[in-house]
Peer 1: 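Have a look at the structure that comes next, please.
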Amino acid sequence: MAAPRKSSWKYIGPGIVVAATGVGAGDLVATLIAGSNFGYTLLWAAVIGCLVKISLAEAAGRWHLSTGRTLFDGWASLGRWTSWFFVVYVVIWGFVYGAAAMSSSGLPLQALFPDVMDLKWWAILTGLVGLVFVWFNKYAVFEKVMTVLVGVMFVVTVYLAIRVTPNLGEAFAGLLPVLPDEKDSILNTLGLIGGVGGTITLAAYGYWVNAKGWTNTGWMKVMRLDNRVAYITTGIFVIAMLFVGAEILHSSNVAIASGDKGLIQLGDILEDEYGTATAKFFLIGFFATSFTSLIGVWHGVSLMFADFVERLRKDRAASAAQRTNPQNTTSDTPDITTPAPAPAPASGEEVASGAHEKSWPFRAYLLWLTFPPMILLFEGQPFRLIILYGVLGAAFLPFLALTLVWLLNSSRTPPEWRNGLLSNAMLTIAGLLFVVLCVKQIWDQPWADFF
């Protein structure tokens, strides 16, 4: 066992990256709308959402550090079905998400510079900048840039929360778990809990932990501090935007559109209320929020895809070796054995070496996220593909939560790092929450039109 390192703020990094990537423009709009519809009533739900995600990211990081294996390596040990689910998910999800992320990053730029070019071209520009940045930089530079952009997000959201002068008495009352007296309030509440900064980036957290150079149990305390920082930061973003929604939208009965366009509307409202400078400051924060999600996915999910391909390659090599020499011995001289091939280095070490970031699967997936989605910017998003994207996206978090419960209670994890009672309870709650949201998402799809 590696000697434990002292938990220290100077090591913080992957947590900042996962917080920045996980909180996109869509999360901010959902929180704004929750504040707009229910005031401070659902503040407690936003806080619980952060606690649920802390447990998921901690479990992913603990798997990487305690086993020396990546999360995909763990999934592969559960059966081939995990590989099929993952590859279908990242192909379809990446295609649609690429267009959404570029469009979301282009919107605030078009609002800041309205007469320069059309939204489609701003979107394409942000995608290309993200591609070039991730292609030519390793994790260390990526983390520094993400930290700067998170700083911008933090200053903007906290400034806005203070500027709207929140009612602190009502805010504290909102920490009591009370459901709004509205139709579908339970599902709306569960949706807010499930939507606070959580996507495939929760699974990418373990990969960023390895990319930082943390590859063994000596880093466990550091990882846990880092993970708490991630979701405290996320919580501050979400609570700040709930304050803005409650004070500006709820109090004046103003409704905004769901999706990224809602943030543009909020910019216009801020300009009317507080002047042009505040509106432009907000748009800069909006860009930082969207662009960190873009480059975070470009880097993190490409790392996961590279690991998937590497695992596939090793499995095929092992199968070929087994077919060539199934007994690993010569029939004439049974006392002489063919030496076994040297074991491959631990997957976590491979990620830490930076080899994945320069590999062709990493770069192929980067290209997949960038260029094919540009078609959707011009053609619009195909109806059936959007339904599949919604269903797969809803299915991923139950898949993550329940496979982590499986892996971290089995002999695949060293006994001292297996789940305790609290971890099992939190991961089970997360799994059940996401199963309910997944069923709702599937139920709500217009399947009659799909067929």
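For the numbers below, each heavy atom of this structure counts, side chains included, while hydrogens, waters and symmetry mates do not.
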Peer 1: Out of curiosity, Trp208 CH2 to Met223 CE, how far, rounded to the nearest 0.5 Å?
Peer 2: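 Trp208 CH2 to Met223 CE: 15.0 Å, rounded to 0.5 Å.
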
Peer 1: Is the backbone of Ala401 close enough, under 3.5 Å, to the side chain of Trp406 for a donor and an acceptor to pair up by distance?
Peer 2: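 Judged by distance alone, no pair lies under 3.5 Å.
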
Peer 1: Heavy-atom distance under 4.5 Å between the side chains of Leu263 and Leu107, does that happen here?
Peer 2: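 No; the side chains remain at least 4.5 Å from each other.
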
Peer 1: Looking at Thr233, Ile232, Ile239, which hits side chain to side chain contact (heavy atoms under 4.5 Å, CB included) with Ile236?
Peer 2: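 The side chain to side chain contact (heavy atoms under 4.5 Å, CB included) with Ile236 is passed solely by Ile232 among Thr233, Ile232, Ile239.
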
Peer 1: Would you list the atom pairs, donor with acceptor, under 3.5 Å between side chains in residues 82-89 and any protein atom, with sequence neighbours excluded?
Peer 2:
| residue | atom | partner | partner atom | Å |
| --- | --- | --- | --- | --- |
| Thr82 | OG1 | Trp75 | O | 2.8 |
| Thr82 | OG1 | Gly79 | O | 2.8 |
| Tyr89 | OH | Trp93 | NE1 | 3.4 |

Peer 1: Are any side-chain N or O atoms of Asn424 and backbone N or O atoms of Leu421, one a donor and one an acceptor, separated by less than 3.5 Å?
Peer 2: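 Such a contact is absent between Asn424 side chain and Leu421 backbone.
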
Peer 1: Just checking, any donor-acceptor pair under 3.5 angstrom between side chains of Ser290 and Ser104?
Peer 2: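 Side-chain D/A pair, Ser290 to Ser104: present.
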
Peer 1: Side chain of Thr292, backbone of Leu149: donor and acceptor closer than 3.5 Å?
Peer 2: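 The answer is no, because no donor-acceptor pair under 3.5 Å joins these two groups.
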
Peer 1: If we only count heavy atoms from C-beta on, is the Leu369 to Ser302 side-chain gap below 4.5 Å?
Peer 2: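 Heavy-atom side-chain distance check passes, below 4.5 Å.
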
Peer 1: With a cut-off of 3.5 Å and sequence neighbours excluded, list every side-chain donor-acceptor pair involving residues 124-134.
Peer 2:
| residue | atom | partner | partner atom | Å |
| --- | --- | --- | --- | --- |
| Thr126 | OG1 | Met102 | O | 3.4 |
| Thr126 | OG1 | Ala123 | O | 2.7 |

Peer 1: Taking Gly15's backbone N and O only, do any of them form a donor-acceptor pair with Asp226's side chain (distance below 3.5 Å, no angle check)?
Peer 2: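 Checked: pair present.
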
Peer 1: Is it the case that the side chain of Arg418 and the backbone of Thr413 share a donor-acceptor pair, with hydrogens and angles ignored and the cut-off at 3.5 Å?
Peer 2: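 Judged by distance alone, yes, a pair lies under 3.5 Å.
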
Peer 1: Could you check whether any side-chain N or O of Thr234 sits under 3.5 Å from a backbone N or O of Ala230, counting only pairs where one atom can act as donor and the other as acceptor?
Peer 2: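 Yes, the answer is positive, given that a donor and an acceptor are paired below the 3.5 Å cut-off.
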
Peer 1: Consider only side-chain N and O atoms of Arg412 and Thr67, and report whether a donor and an acceptor are under 3.5 Å apart.
Peer 2: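 Short answer, no.
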
Peer 1: Find the distance between CG (Leu179) and CG (Leu42) and round it off to the nearest 0.5 Å.
Peer 2: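 If I round to the nearest 0.5 Å, the distance is 7.5 Å.
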
Peer 1: Please check if the distance between the ring centroids of Phe362 and His356 is under 6.0 Å.
Peer 2: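 For Phe362 and His356, the ring centres are not under 6.0 Å apart.
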
Peer 1: Say whether Ser105 and Trp122, considering side chains only, have a donor N or O and an acceptor N or O under 3.5 Å apart.
Peer 2: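 Judged by distance alone, the side chains do not pair up.
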
Peer 1: Determine whether the aromatic ring centres of Phe378 and Trp121 lie less than 6.0 Å apart.
Peer 2: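 When the ring centroids of Phe378 and Trp121 are compared, they turn out to be within the sub-6.0 Å range.
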
Peer 1: For Asn227 and Tyr205, test the side chains for any donor-to-acceptor distance below 3.5 angstrom and give the result as yes or no.
Peer 2: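 Short answer, no.
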
Peer 1: Ignoring hydrogens and geometry, is there a side-chain-to-backbone donor-acceptor pair from Arg69 to His64 under 3.5 Å?
Peer 2: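 Not a single qualifying donor-acceptor pair exists.
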
Peer 1: Let me confirm one number: the CG-CG distance from Asn37 to Leu249, rounded to the nearest 0.5 Å.
Peer 2: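 Rounded to the nearest 0.5 Å, the CG-CG separation comes out at 9.0 Å.
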
Peer 1: Between Tyr40 and His250, is the ring centre distance below 6.0 Å?
Peer 2: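 Ring centroids of Tyr40 and His250 are no less than 6.0 Å from each other.
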
Peer 1: Does a donor on one side chain sit under 3.5 Å from an acceptor on the other, for Tyr231 and Glu58?
Peer 2: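 Side chains of Tyr231 and Glu58: no pair found under 3.5 Å.
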
Peer 1: Are any side-chain N or O atoms of Asp307 and backbone N or O atoms of Thr70, one a donor and one an acceptor, separated by less than 3.5 Å?
Peer 2: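 Side chain of Asp307 to backbone of Thr70: no pair is present.
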
Peer 1: Got a salt bridge between Asp444 and Lys440, using NZ or NE/NH1/NH2 to carboxylate O under 4.0 Å?
Peer 2: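 Salt bridge present between Asp444 and Lys440.
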
Peer 1: Working to the nearest 0.5 Å, report the span between CG of Leu112 and CD of Gln110.
Peer 2: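 Answer rounded to 0.5 Å: 10.5 Å.
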
Peer 1: Do Asn210 and Thr215 get their side chains close enough for a donor-acceptor pair, meaning under 3.5 Å?
Peer 2: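 No pair is found: no donor N or O on one side chain lies under 3.5 Å from an acceptor on the other.
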
Peer 1: Give me the ring orientation class for Phe305 and Tyr365: parallel if the planes are under 30° apart, tilted from 30 to 60°, perpendicular past 60°.
Peer 2: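 Judged by the thresholds at 30° and 60°, the geometry between Phe305 and Tyr365 is parallel.
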
Peer 1: Write out all pairs satisfying ring pair (Phe, Tyr, Trp, His ring centres under 6.0 Å) with one or both partners inside residues 268-290, taking only residues at least two apart or from two chains.
Peer 2: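 Found Tyr159-Phe281, Phe287-Phe291.
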
Peer 1: Ser36 side chain to Leu32 main-chain N or O, any donor-acceptor pair under 3.5 Å?
Peer 2: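 It does not hold such a pair.
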
Peer 1: Check whether any side-chain heavy atom of Ile248 sits under 4.5 Å from a side-chain heavy atom of Leu270, and report yes or no.
Peer 2: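 With C-beta onward as the side chain, the pair touches.
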
